[in-house]
2 protein chains.
Amino acid sequence: MRENKSERIRIKDIALKAGVSVGTVDRVIHGRSGVSESSKKKVEEILKQMNYQPNMYASALASNKKYNFSCLLPLHTQEDYWMDIEAGMRHAVGMYKDFNIRLNISYYDQYESGSFAKEGKKMIATMPDGVIMAPSSEDETMSTVLQLKEKNIPFVFIDSNIRSLNPLSFYGQSSHSSGYFAARILSLMAEHNEPVVIFRLIYDGRLGSNQQRNREEGFREYIQNNCPDIKLYELNFYVKNPENNDKIMEDFFLAHPEVNCGITFNSKAYIIGEYMQKINRKGFKMMGYDLLRRNVKCLKEGTVDFIIAQQPTEQGQSCIECLFEHLILKKEIKAYNYMPITLISKENIDFYLDAHLRTNNI
Amino acid sequence: MRENKSERIRIKDIALKAGVSVGTVDRVIHGRSGVSESSKKKVEEILKQMNYQPNMYASALASNKKYNFSCLLPLHTQEDYWMDIEAGMRHAVGMYKDFNIRLNISYYDQYESGSFAKEGKKMIATMPDGVIMAPSSEDETMSTVLQLKEKNIPFVFIDSNIRSLNPLSFYGQSSHSSGYFAARILSLMAEHNEPVVIFRLIYDGRLGSNQQRNREEGFREYIQNNCPDIKLYELNFYVKNPENNDKIMEDFFLAHPEVNCGITFNSKAYIIGEYMQKINRKGFKMMGYDLLRRNVKCLKEGTVDFIIAQQPTEQGQSCIECLFEHLILKKEIKAYNYMPITLISKENIDFYLDAHLRTNNI
DNA sequence: TGTACCTTTGTGTGCGCACACGGATGATTT
DNA sequence: AAATCATCCGTGTGCGCACACAAAGGTACA
């Protein structure tokens, strides 16, 4: 026989106190029909009075339900920011394995109009219980969101947000603010208000991502407000013609030998870092985004000075947790979750990789 | 009747496959006696072959055990770094409430020799299942650790580490590295290698904490290696005589009007920030540690430029998680967990407070 | 007044696991 | 050969909850 009972409040206790069967209490808790008004009142009273908190683990165990989460991300290469997001999601799913959660990731081509909607439709056809998406443009994303809302499937946005589409939650960085912060740091590096070059990545004649544009806006805003004397150059690379990158830089620096400070708002700071390494130019001050392996290498070798990270692993993890808490634990969800803007240099990088590893290995 | 069974591997399956009773499987899993060698072999075989992962939530539910965690921290005021650590621990305990975990926090006086050992003894007398401690000096901590080891009670160190005492795990920041990193940032602020003043907090004739000393060492190491021309002044405040602080600064800046840049390795950067505010001196460049409310205020008002944070909330949370995973989930534990060294300024502070809030509210 | 149908209520079983208990088996003693 | 003891093994019950099903009560209509 068991003694030493837990002092948890159980359904049984409530039933006893209210003078009804456990079935009735159960029905009230789950808002199911089949309960008279009077019983309902009684039970709700006791429920509140005893501040009943169900044991969600026992609940999940008993319900024996399975959950399918779906995720829609941009197509990406192995070595990428998005990989870390996926790793974070997979890690979280692993943590919740006893709740029968499955994750299905599919991809869309962010440069092909219609791709998002097409993949979105396919995804919805599988009737997932919850959805995570990195939204495309508002127009592209709209139709998928409408279908989700119609079917009452909760969805969270990751990386970038479209407020008007009203997701359950959003996890990502404020690009504008991160550009603003980057400017503060860069302005410290740019002594005597020396000029700065902005390296950009162009796809089909326009900036490759919204993030890139928003960060640059934030950056320019800070410069405008605080050190308008800094002259800003722009240098464009073309996604489709990476073989020209070196020539582009060579020409630029020939024409502007006085420029000794640069920043890029995409994740490819290593293009510049590796070039400097190659031509053996020291002391060019450089900032960029995201802890890609090649960026980290440049950081450690000193060809990139600072990287701003946006915690992709945490983002992925948090999105899964969000759906989990909403669907299984039925908690309140915070709608906007901006990730911290973290500055990383040679001197503190190890402790980020450490946290990274920790997240991925346990 | 239930259909749609989970495809989890259950004890029953193992028993079926191995041709033994569930009781036997159970005994093998828990390493209990009462199993013949042959049965044990059989079960272990099947166990491995099927890669059995027990459902820890069901397990916790069935075992119905209670866990008492104890925590020993330095005495502190309400408005402090340690408060955030406590908040993090409380939050984590709340998350695990369905596992019957209780947390008991007690305090020692870090300035009174013998206090740690005394409080440690009291704590151990309550026979906790796991312990979290912010260690005092090695000598002071030793006796408590020996008792814990004897009783086989796992303990984790928080904030600072003593490797030789071999804790289950450590969560905290590398003070040396964080000083080193601080130097990199400060050297960017100190134009033309201008001089820098180090503000210190003295207690009974020596530095108030190990953290303070280690950070300063790291700081000096960077300066030595990278910009030895920067002249470093020191300015001491006395914990017991805070009323003299203003006079001390006044005298110093009168004697050294050229000093326009400072740093402190304790959490009281606001002493300087608020002084600058008071005498209405603008443009003094200042760095410090920890997101105390008064520091945040200085940051936002511009009297402190940068703060290095050490994620106290996460530290507290992680310590509880660590004990939880060790005792209940029986996972492998990573021994050293250095927290990221994060740089915070007016421009990115909001996103840290946000994360902070998130952690504390959900 | 009986039948059909809907609403309300109670009970029993199972989720995956832990653990107490009692029965079976074999070895050792008197 | 009976009694004692240790080791091994199977079963039953419960953790807190969800849900199917059956039973009971109520309302409406012929």
Side-chain angles (χ1 to χ4, degrees), chain A residues 1-16 18-43 47 50 52-67 96-100 327-330, chain B residues 1-43 47 50 52-67 96-101 327-330:
Chain A
M1 218 15 152
R2 242 37 168 314
E3 70 244 81
N4 186 17
K5 279 189 178 291
S6 140
E7 71 264 27
R8 277 202 124 266
I9 297 145
R10 292 151 306 149
I11 283 197
K12 276 188 190 174
D13 298 330
I14 312 276
L16 204 71
V20 298
S21 73
V22 292
T24 305
V25 175
D26 189 279
R27 259 155 273 183
V28 173
I29 290 175
H30 292 80
R32 269 193 281 265
S33 65
V35 186
S36 68
E37 275 306 312
S38 64
S39 304
K40 196 173 167 188
K41 278 270 153 60
K42 259 197 293 183
V43 172
L47 231 43
M50 298 185 72
Y52 172 68
Q53 304 277 88
N55 183 329
M56 284 309 180
Y57 301 103
S59 165
L61 189 63
S63 84
N64 208 17
K65 229 179 282 174
K66 286 172 196 156
Y67 295 88
Y96 296 135
K97 69 176 183 318
D98 288 332
F99 292 93
N100 298 314
L327 288 168
I328 290 107
L329 303 188
K330 291 163 195 345
Chain B
M1 216 18 149
R2 246 30 170 316
E3 71 244 80
N4 184 18
K5 279 188 179 291
S6 141
E7 71 265 27
R8 281 201 121 265
I9 297 147
R10 291 152 306 149
I11 284 198
K12 277 190 191 173
D13 298 330
I14 311 275
L16 205 69
K17 262 218 166 185
V20 298
S21 74
V22 293
T24 305
V25 175
D26 190 277
R27 261 156 264 172
V28 173
I29 290 176
H30 292 80
R32 268 193 282 265
S33 65
V35 187
S36 67
E37 275 306 310
S38 64
S39 305
K40 195 174 167 187
K41 279 272 152 59
K42 258 196 294 183
V43 172
L47 231 43
M50 298 185 73
Y52 172 69
Q53 303 276 90
N55 183 330
M56 284 309 180
Y57 301 103
S59 165
L61 189 63
S63 85
N64 208 17
K65 229 178 280 174
K66 287 172 196 157
Y67 295 89
Y96 297 135
K97 70 173 183 318
D98 287 331
F99 292 92
N100 297 315
I101 291 177
L327 289 168
I328 289 108
L329 303 189
K330 289 158 197 348

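Residue numbers begin at 1 in each chain, while the letters A, B, ... track the order of the sequences. The model shown is predicted, which means the values in this text are computed figures rather than measured ones.
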Students often get this wrong, so: under 4.0 angstrom with heavy atoms, is B:Ser33 touching a base, only sugar-phosphate, or nothing?
nothing
Which part of the nucleic acid, if any, lies within contact of B:Asp26, taking any heavy atom under 4.0 Å across all strands shown: a base, the sugar-phosphate backbone alone, or nothing?
base
Any side-chain N or O of B:Ser21 under 4.0 Å from OP1/OP2 of D:dG10?
yes
Which listed nucleotide ([options]) is nearest to the side chain of [X]?
X: B:His30; options: C:dA18, D:dC17, D:dC19; answer: C:dA18
X: B:Thr24; options: C:dC17, D:dC9, D:dC19; answer: D:dC9
X: B:Lys65; options: C:dC19, D:dA18, C:dT11; answer: C:dC19
X: A:Leu61; options: D:dC15, C:dC15, D:dC17; answer: C:dC15
X: A:Ser36; options: C:dA18, D:dC17, C:dT9; answer: C:dT9
X: B:Asn64; options: D:dC17, D:dC15, D:dC19; answer: D:dC15

Select from B:Lys12 and A:Gly19 the residue whose nearest nucleotide in DNA chain C is closer to the 5' end of that strand.
A:Gly19
hbond_proxy A:Arg27 side chain to C:dT9 base (donor-acceptor, 3.5 Å cutoff)
yes
Would you call [X] and [Y] a side-chain contact if the rule is heavy atoms closer than 4.5 Å?
X: A:Val43; Y: A:Ile29; result: no
X: B:Asp26; Y: B:Arg32; result: yes
X: B:Val25; Y: B:Lys12; result: no

For the atom pair OH (A:Tyr67) and CD1 (A:Ile328), what is the distance rounded to the nearest 0.5 Å?
4.5 Å
